[in-house]
Number of protein chains: 4
Amino acid sequence: MSPRPDVSEERKQQILEAAIAVFARLGFHASRMDDIATQAGLSKGALYLYYKNKDALIVALLKYFFTQEMKHLRAFVEANRDEAVAEQLLLLTRQFSATMQSMIDLMPISFEFYALAGRDGEIRQFLQEYFQEYRRDLARLIERGIERGEFQPVDAQATAVTIAALYEGLALLHFVDMQAFQWAAQAETSIQLLLAGLRPIPLHK
Amino acid sequence: MSPRPDVSEERKQQILEAAIAVFARLGFHASRMDDIATQAGLSKGALYLYYKNKDALIVALLKYFFTQEMKHLRAFVEANRDEAVAEQLLLLTRQFSATMQSMIDLMPISFEFYALAGRDGEIRQFLQEYFQEYRRDLARLIERGIERGEFQPVDAQATAVTIAALYEGLALLHFVDMQAFQWAAQAETSIQLLLAGLRPIPLHK
Amino acid sequence: MSPRPDVSEERKQQILEAAIAVFARLGFHASRMDDIATQAGLSKGALYLYYKNKDALIVALLKYFFTQEMKHLRAFVEANRDEAVAEQLLLLTRQFSATMQSMIDLMPISFEFYALAGRDGEIRQFLQEYFQEYRRDLARLIERGIERGEFQPVDAQATAVTIAALYEGLALLHFVDMQAFQWAAQAETSIQLLLAGLRPIPLHK
Amino acid sequence: MSPRPDVSEERKQQILEAAIAVFARLGFHASRMDDIATQAGLSKGALYLYYKNKDALIVALLKYFFTQEMKHLRAFVEANRDEAVAEQLLLLTRQFSATMQSMIDLMPISFEFYALAGRDGEIRQFLQEYFQEYRRDLARLIERGIERGEFQPVDAQATAVTIAALYEGLALLHFVDMQAFQWAAQAETSIQLLLAGLRPIPLHK
DNA sequence: TATGAATGAGATTTCATTCAT
DNA sequence: AATGAATGAAATCTCATTCAT
């Protein structure tokens with residue numbers, strides 16, 4: 001419509017990606033608006049044309065960050081509908097492993113968000129919604145497994161929470177000590193342990 | 001005996017506890033040394049008599065924090081040596097639940113430490129040692145379970161990681177959304193799911 | 001040409017001159033960065049855009065101060081090459097007198113630099129180079145006097161040191177007690193006393 | 001009188017000497033009352049029993065410092081009354097050299113006092129009196145030289161100022177750059193140059 | 001006398017934010 | 001739209017001085 005295409009969205013994205021890089025390296029507090037501007041190849045003033053202030057940039061980052069995550073989960077669920085549920089969970093775990101490997105540098109950002117969630121209502125609410133969706137998607141999967149007779153008739157909600165917790169906890173432990181275990185193998189072993197408890201008890205050998 | 005007893009240790013403790021209260025409420029960054037001084041009922045200057053600077057206070061807090069945790073775990077393990085291992089894990093989970101309930105306000109501090117671990121070698125190393133001990137204690141428990149025939153001959157290390165991850169992940173999910181699930185019940189259900197997979201497969205009905 | 005010309009050099013100069021005024025009045029220690037900012041008509045923050053910290057400002061001042069001095073000496077030597085050497089020394093002394101009169105307020109700054117030289121290598125080295133040049137220029141003058149037969153064949157180096165010391169010492173005594181002697185007259189008398197000893201001994205009346 | 005001898009003077013001296021050591025090393029500003037207390041082997045509080053505050057300690061030091069100097073000069077003049085005046089000046093110069101060698105570490109203190117003299121009336125007045133006495137003693141010596149026919153009938157005051165300036169200036173130059181010249185030899189050469197101009201012009205070869 | 005823990009005013013320095021260009 | 005010089009509020013940290021013991 002406009003003769004010049006709107007560069008506004010492009011700029012916002014450019015700034016957001018610069019912010020991710022800087023925040024991951026230095027943390028929210030130690031990151032200067034100047035650092036982000038430099039990283040984005042813009043001036044400090046330009047940042048304020050696109051984001052009201054540093055906090056607004058952090059919140060925008062939060063949303064971008066976890067929305068991406070959710071998209072990945074959705075895309076995966078969509079793509080693997082037809083597999084056996086246990087198989088889907090295994091594949092999901094593998095994808096989670098792969099994602100984690102490439103996102104390890106960004107994990108401090110997540111922890112800062114979790115810490116902020118304790119003090120900032122907006123951030124807390126967003127994260128709550130994110131995890132709600134996450135659990136809901138997992139719960140649906142579990143329910144399908146039960147319906148199909150793959151799993152015992154466990155509490156799907158509680159099992160979804162357990163799986164989500166396992167993922168988050170593994171990511172945390174891995175982040176703190178990358179030497180402690182082989183990430184991909186451990187994630188698979190952990191989920192297998194859980195699946196072992198979910199499978200129906202064989203009636204006879 | 002001495003005219004003035006050494007108040008040094010007492011003061012350090014007093015300051016540390018004030019710091020916990022303030023850091024939990026405001027976060028490391030937003031907490032002013034003045035806030036901590038006021039909370040401790042001391043002057044700002046007094047803080048610097050006992051801790052070199054704000055960072056030293058944060059590191060002291062880290063150590064205090066996780067050392068306490070470790071003591072609790074050790075005391076528990078010691079006290080419940082004679083129970084069946086599955087029972088011990090269940091009791092441990094219950095204790096973890098109870099501890100968590102009372103520590104919920106301190107969780108942002110943990111997340112800040114995890115975030116810091118990505119950037120500060122001293123903090124990272126301390127947390128690594130903490131989690132190493134944690135995993136080792138759990139692994140010993142699992143091994144005993146296997147020896148006693150309570151559990152299948154699983155990989156004790158990997159199982160310990162799984163349990164530790166479960167605890168951390170549950171704490172995280174609960175912290176972000178306390179409405180999402182009944183904390184104590186969920187922790188117990190989660191560990192039961194895991195135990196189900198650990199138990200020997202009955203040979204016949 | 002450029003929309004906004006580079007004000008950087010101008011600002012640095014502006015700050016330096018403000019610093020001279022304030023340091024001379026209050027001394028390095030009692031001078032607040034705020035005082036200097038106010039004197040310069042800038043904000044405190046602006047000072048830090050141009051000088052890393054207070055010490056950097058002091059060092060920049062040192063260099064500015066003594067470099068100016070050296071320029072004056074050089075310009076003088078250049079302008080009076082063709083005079084008789086004794087006459088040049090007399091003229092130099094008069095110029096020194098005149099300069100001193102106008103610089104008397106800045107002398108405490110010099111003394112602070114001399115005190116600092118005992119503790120700060122960078123400052124010491126700079127002053128050493130300054131005085132080396134100063135002595136060298138004087139020594140050349142003396143040598144010329146000897147060559148021309150105006151002076152006895154004295155040790156030019158040692159004589160240069162003597163003259164330099166005389167200047168510094170006179171400035172010191174005058175600074176401490178301005179009532180003690182007529183500055184210009186004293187400087188001239190002192191140098192004449194010295195010149196008297198340098199002149200060749202007349203062979204007969 | 002008192003059964004216990006008054007330790008008050010002893011303590012004041014002890015503190016003063018500690019202050020000299022610390023001030024010489026660190027300068028007035030960077031020297032902490034704590035440093036001085038430690039150096040004196042006393043507590044910080046004890047300092048305040050003997051000196052009102054840091055400034056009072058500095059002023060006491062000033063007086064001690066220059067009074068000692070003056071005593072040395074007086075003692076010397078007294079001891080060498082009967083020498084030829086030129087010889088006395090030479091001996092004085094040698095003594096000055098020797099003193100300087102041992103006092104070099106204390107020179108930054110002098111420079112700080114000179115800097116302070118520009119801003120503090122009490123310090124300025126004390127230094128003025130010191131230098132007045134110094135010049136007066138030197139002037140008397142010169143006068144005696146003139147009376148005895150050793151020197152030409154120069155202005156004794158102005159000559160005294162010249163000698164005092166020479167001493168101060170040499171000390172300054174030596175302090176800033178100890179490599180620049182052999183201190184004792186230079187002092188002697190300088191005073192010889194001056195004496196050369198003071199001696200009566202020989203009527204014939 | 002002597003101590004040294006405690007104070008708190010005040011200094012330097014940082015950096016998010018603004019705004020003239 | 002974009003810049004980057006300038007601001008100034010606010011934080012950390014220091015240290016001369018006090019005072020209960």
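In the text below, chain A, chain B and the rest are named by the order of the sequence lines, each starting its count at 1.
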Among the nucleotides F/dT18, F/dA6, E/dA5, which one has an atom lying closest to any side-chain atom of B/V7?
E/dA5

If you assign each of B/D55 and C/L49 to its closest nucleotide in DNA chain F, which residue comes earlier from the 5' end?
C/L49

So that I can tick it off, tell me whether B/E17 and B/R11 are bridged by a salt bridge, with the cut-off set at under 4.0 angstrom between side-chain N and carboxylate O.
no

Against the side chain of C/A46, the closest entry in F/dT7, E/dT13, E/dA2 is F/dT7

Sequence neighbours excluded, the answer for ring-ring contact (aromatic ring centres under 6.0 Å, His included) partners of A/F28 is A/F23, A/F113

Select one nucleotide: of F/dG4, E/dT3, E/dT17, the one nearest the side-chain heavy atoms of D/S43.
E/dT3

Contact check, side chains of D/K54 and D/I36, non-hydrogen atoms, under 4.5 Å:
no

Heavy atom of residues 25-42 of chain A under 4.0 Å from DNA chain E: which residues?
A/S31, A/R32, A/M33

Contact nearer the 5' end of DNA chain E, comparing A/G45 with C/Y48
C/Y48

As a test of reading the structure: which of E/dT1, F/dC13, F/dT18 is closest to the side chain of B/K54, going by heavy atoms?
F/dC13

Look at the side chain of D/K44 against the base of E/dT3 and say whether a donor-acceptor pair falls under 3.5 Å; ignore hydrogens and angles.
no

Closest to side chain of A/Y50, choosing from E/dT17, F/dA1, F/dT18
F/dA1

Is any side-chain heavy atom of C/K12 closer than 4.5 Å to a side-chain heavy atom of C/Y51?
yes

Under 3.5 Å side-chain donor-acceptor pair for A/Y64 and A/Q13:
yes

Positive for salt bridge (Lys or Arg N to Asp or Glu O under 4.0 Å) with B/K63, one of B/E69, B/E122, B/E129
B/E122

